[in-house]
There are 2 protein chains.
Amino acid sequence: MNPMTAAQRTTPADRPQLGLRERKKIKTREAIRAATYGLIKEQGYDATTIDQIAERAEVSPSTVFRYFPTKEDIVLTDEYDALIMEELSARPADEPWPESIRYVMHRALALGAKDDIEVSRLRSRLTVEVPAVRSRMMESMSVTGRMLCQAIGERTGLDPESVEVRVYAMSLVGGLMEASLYWAERGHTDDFPELIDRTLDVLQHGLPQRNS
Amino acid sequence: MNPMTAAQRTTPADRPQLGLRERKKIKTREAIRAATYGLIKEQGYDATTIDQIAERAEVSPSTVFRYFPTKEDIVLTDEYDALIMEELSARPADEPWPESIRYVMHRALALGAKDDIEVSRLRSRLTVEVPAVRSRMMESMSVTGRMLCQAIGERTGLDPESVEVRVYAMSLVGGLMEASLYWAERGHTDDFPELIDRTLDVLQHGLPQRNS
DNA sequence: ACATCTTTTGACAGCTACTCTCATTTCATG
DNA sequence: CATGAAATGAGAGTAGCTGTCAAAAGATGT
């Protein structure tokens, strides 16, 4: 969803070719994020104001809003969307859908594990605890759903705008989101990859035992 | 989600047995809603302020907030949750799940059709167009999901707190929501009951043609 | 009908997320 | 180094939302 994600992820590689301006932008962006995470850890989400964030990041409040449209956006980055789509389009065209999804999810998990685990968990905790954050998360979910529709369209030849594809994509995304909520709710104690597997099983074959 | 729904729906029946106080409360509630819908139709959602709503409803702004926690809540009522759950628990215990869901959805549709169609469409249009409203809608979706988990637990004997059940419920609710978004996006031109059928088909059997 | 108690309301103050404008500073370019 | 473009900061303003407190209105008992 956020275009700057790529820039962050590839920081080490292309820093030299970026102008001073671009480098500064990335820096302030990260400064704002760091300040936010720090303050939230100390005082909680609601108690943390934009002014405090601005002060700690050593920028003006105006600048904070220039970088992030809302407070929730500071904590939420879906670097995953682009990542998933990329991996997905790289799968062989004849691979069955559920297979592709399963593979890609595990792959995204593996890559995500490299990120700062502290931050990642704080983020998912906030997703559970702060309504506004969860809300925004769900918004981004529907964006992910749309992208999935495209991918599904390309692979299956079905109309990406049809109810069928859209419903399928949404139920997939919704299910996966619920799984990660479940994981966060229980304090990240479960094995997440396994959780994802069980989730995909349900989405593919319905509930276990006596039904559908 | 909102407890007062039942009161509204059954207004004709039990008005006599309600005290003057209760009757007034219902009245102001409806006045606030009516004012809101009117103003939104005239000026759009964002341009409509709480003060304007209060003025037209002839109450103070404080009172508006006493009746509705947020502005979005004024336009969104999910009278459907309770309704669906009720119908659902009334189904025979040995009926297969997908059958029950299908029946109940159609039933809810039939009952919903009795409501003011103007308002109902305005509401779903806002759900598509105004991010904040859609957001709130999604929030309520997860509440619905939780209730579904309960129902599923009772019917199947599965643990309502298990990932499986929760994922299943969420994907169901998410899919249905997407269907109604789809419907609203295309100007309510499609046949909604048929759309629901196609949706449930996808959720049950996956995408048509060559896949899972 | 009156007094008392409880609930509901309105007025007001206050906080904060967020927007917009404009002058100033900072980097890029020839 | 001069000129142009982009980023920043300062400030004012809007609106959603919260909390408090005193006044008004309905409920209740005698």
Side-chain angles (χ1 to χ4, degrees), chain A residues 3-4 7 14-33 35-36 39-40 43-76 126 130-137 139, chain B residues 3-4 7 15-33 35-36 39-40 43-76 126 130-136 139:
Chain A
M4 86 300 159
D14 49 21
R15 178 170 294 165
Q17 47 177 309
L18 285 177
L20 175 55
R21 227 164 215 170
E22 309 297 321
R23 267 178 288 152
K24 269 206 161 182
K25 280 215 274 184
I26 293 177
K27 253 192 178 168
T28 61
R29 203 185 189 88
E30 282 173 357
I32 293 173
R33 273 242 171 72
T36 305
L39 285 166
I40 289 181
Q43 331 170 331
Y45 182 85
D46 288 327
T48 301
T49 72
I50 299 284
D51 286 344
Q52 290 175 333
I53 294 172
E55 193 181 359
R56 182 169 295 195
E58 293 182 301
V59 293
S60 80
S62 322
T63 301
V64 175
F65 284 114
R66 267 197 204 87
Y67 279 82
F68 301 95
T70 73
K71 189 176 158 190
E72 301 92 60
D73 280 295
I74 307 181
V75 299
L76 287 178
L126 290 174
V130 183
V133 174
R134 181 175 47 237
S135 226
R136 198 99 184 88
M137 181 78 177
E139 273 288 308
Chain B
M4 86 301 161
R15 178 172 292 165
Q17 48 178 306
L18 286 177
L20 176 54
R21 232 166 212 168
E22 309 296 322
R23 268 178 288 152
K24 269 208 162 181
K25 280 216 272 186
I26 294 176
K27 252 192 179 170
T28 61
R29 204 184 189 89
E30 281 172 357
I32 293 173
R33 274 241 170 72
T36 306
L39 285 166
I40 289 180
Q43 332 170 330
Y45 182 85
D46 288 327
T48 301
T49 73
I50 298 283
D51 286 343
Q52 289 175 334
I53 294 172
E55 191 180 0
R56 182 169 297 194
E58 293 182 300
V59 294
S60 80
S62 323
T63 301
V64 175
F65 284 114
R66 269 198 204 89
Y67 279 83
F68 301 95
T70 73
K71 189 176 158 190
E72 300 93 60
D73 280 296
I74 307 180
V75 300
L76 288 178
L126 290 175
V130 183
V133 174
R134 181 174 47 237
S135 229
R136 198 97 185 90
E139 273 289 308

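Labels below follow one simple rule: chain letters A, B, ... track the order of the sequence lines, proteins then strands, and each chain is numbered from 1. All of these numbers come straight from a predicted model, not from anything done at the bench.
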Give a yes/no answer on whether the side chain of B/Lys25 brings an N or O atom under 4.0 Å of OP1 or OP2 in C/dT8.
yes
What's the CD-P distance between A/Gln43 and C/dC15, to the nearest Å?
16 Å
Atom CD of B/Glu139 and atom CG of B/Asp73: how far apart are they, to the nearest 0.5 Å?
10.0 Å
Spacing between A/Ile74 atom CD1 and C/dA17 atom P, to the nearest angstrom
9 Å
Interatomic distance, A/Glu55 CD vs D/dT8 P [rounded to whole Å]:
18 Å
Closest-nucleotide 5' rank along DNA chain C - winner of A/Asp46 and A/Ser62
A/Asp46
Please state whether the phosphate of C/dT8, meaning OP1 or OP2, lies under 4.0 angstrom from any side-chain nitrogen or oxygen of B/Tyr67.
no
OP1 or OP2 of C/dG10 versus the side-chain N and O atoms of B/Thr63: is any pair under 4.0 Å?
yes
From CD1 of B/Ile50 over to P of C/dA17, roughly how many Å is that when rounded to an integer?
19 Å
Without decimals, in angstroms, what is the distance between A/Phe68 CZ and D/dT8 C1'?
16 Å
Between C/dT21, C/dA11, D/dG16, which nucleotide has the shortest distance from any of its atoms to the side chain of A/Arg66?
C/dT21
Checking contacts here: which listed nucleotide (D/dA7, D/dC17, C/dC18) is nearest the side-chain heavy atoms of A/Arg21?
D/dA7
Give the rounded distance in Å between these two atoms: CD of A/Glu58 and C1' of D/dG9.
14 Å
Report yes or no: is the cationic atom of B/Arg29 (NZ for Lys, CZ for Arg) closer than 6.0 Å to the six-membered ring centre of B/Phe68, at no more than 45° off its axis?
yes
For A/Lys27 and C/dT26, what is the distance between atoms NZ and C1' respectively, to the nearest whole Å?
15 Å
5'-most contact on DNA chain D: B/Asp51 or B/Leu20, nearest heavy atom basis?
B/Asp51
Let me know the distance between CD of A/Gln52 and C1' of C/dT16, rounded to the nearest Å.
11 Å
Do A/Arg23 and A/Ile26 have side chains that get closer than 4.5 Å, going by heavy atoms?
no
Is the positively charged end of B/Lys71 above the ring of B/Tyr45, judged by distance under 6.0 angstrom from the centroid and angle within 45° of the axis?
yes
On DNA chain D, more 5' by nearest nucleotide between B/Phe65 and B/Glu22 is B/Phe65
Check whether any side-chain N or O of B/Lys24 sits under 4.0 Å from OP1 or OP2 of D/dG26, and answer yes or no.
yes
Nearest-neighbour nucleotide for the A/Thr49 side chain, C/dG10, D/dG16, C/dT16 considered:
C/dT16
Consider side-chain contact (heavy atoms from CB on, under 4.5 Å). Of B/Thr48, B/Val133, B/Thr36, which one does B/Ile74 pass it with?
B/Thr36
